[in-house]
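So the structure is just underneath, and the comments pick up after that.
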Amino acid sequence: MPWYLRSLADRDTHYGDLQPDGQVIAVCGAVFKPRPLPYDRLALAASPSDPDQICPQCQRDKLTS
């Protein structure tokens with residue numbers, strides 16, 4: 001699963017699956033349409049480099065999954 005940006009707020013980058021309808025279902029339970037990224041991408045290429053961007057629950061759940 002990749003990381004998706006829900007908003008530009010801190011702790012609002014989530015780890016989840018992109019659904020056929022364009023919504024992301026994050027491991028924390030958040031459901032949202034991801035913000036578009038440069039070069040027509042939706043998912044980040046790697047984990048966010050700034051830990052303040054990451055949803056704490058997604059981070060915990062990613063480590064236990």
Side-chain angles (χ1 to χ4, degrees):
M1 278 185 264
W3 290 94
Y4 294 93
L5 187 64
R6 180 164 70 173
S7 76
L8 298 178
D10 282 349
R11 296 173 180 74
D12 210 15
T13 301
H14 298 269
Y15 189 68
D17 283 319
L18 184 64
Q19 302 300 300
D21 66 358
Q23 298 282 337
V24 169
I25 299 178
V27 296
C28 69
V31 179
F32 60 95
K33 184 173 180 175
R35 289 183 59 92
L37 301 170
Y39 307 109
D40 295 325
R41 294 180 303 133
L42 290 177
L44 298 172
S47 295
S49 58
D50 179 359
D52 287 336
Q53 292 178 322
I54 297 172
C55 165
Q57 187 174 343
C58 282
Q59 182 68 22
R60 275 191 308 273
D61 294 348
K62 178 183 184 264
L63 295 174
T64 61
S65 61

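If you're wondering where the values come from, they're calculated on a predicted model, not measured in any experiment. No hydrogens, no waters, no symmetry mates; every other heavy atom, side chains included, goes into these values.
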How many angstroms lie between atom CG of D61 and atom OH of Y15, to the nearest 0.5 angstrom?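 Taking CG in D61 and OH in Y15, the distance rounds to 11.0 Å.
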
Just how far is it from atom NE2 of H14 to atom SG of C55, taken to the nearest 0.5 Å?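 If we round to the nearest 0.5 Å, H14:NE2 and C55:SG are 5.0 Å apart.
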
Any pair counted as side-chain hydrogen bond (donor to acceptor under 3.5 Å, both in side chains), so long as it reaches residues 47-56, sequence neighbours left out: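 Listed once each, the pairs are W3-S47.
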
Applying side-chain hydrogen bond (donor to acceptor under 3.5 Å, both in side chains), which residue pairs with at least one partner in residues 21-46 are found, sequence neighbours left out?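 Every pair satisfying side-chain hydrogen bond (donor to acceptor under 3.5 Å, both in side chains) with a residue in residues 21-46: there are none.
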
Can you sort out the partners of P56 under side chain to side chain contact (heavy atoms under 4.5 Å, CB included), two or more places apart, ordered by chain and number?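 P56 satisfies side chain to side chain contact (heavy atoms under 4.5 Å, CB included) with R11, R60 only.
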
Do the side chains of [X] and [Y] join up, straight or via other hydrophobic residues, at under 4.5 Å, putting them in one cluster?
X   : Y   : result
M1  : L42 : no
L5  : F32 : no
L8  : L44 : yes
V27 : V24 : no

Nearest heavy-atom pair of P34 and G22: which atoms, and what distance?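 Shortest heavy-atom separation between P34 and G22 comes out as CD-O, 3.3 Å.
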
Shared-cluster residues of I25, by chain and number - hydrophobic side chains joined below 4.5 Å: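 Besides I25, the hydrophobic cluster comprises V31, listed by chain and residue number.
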
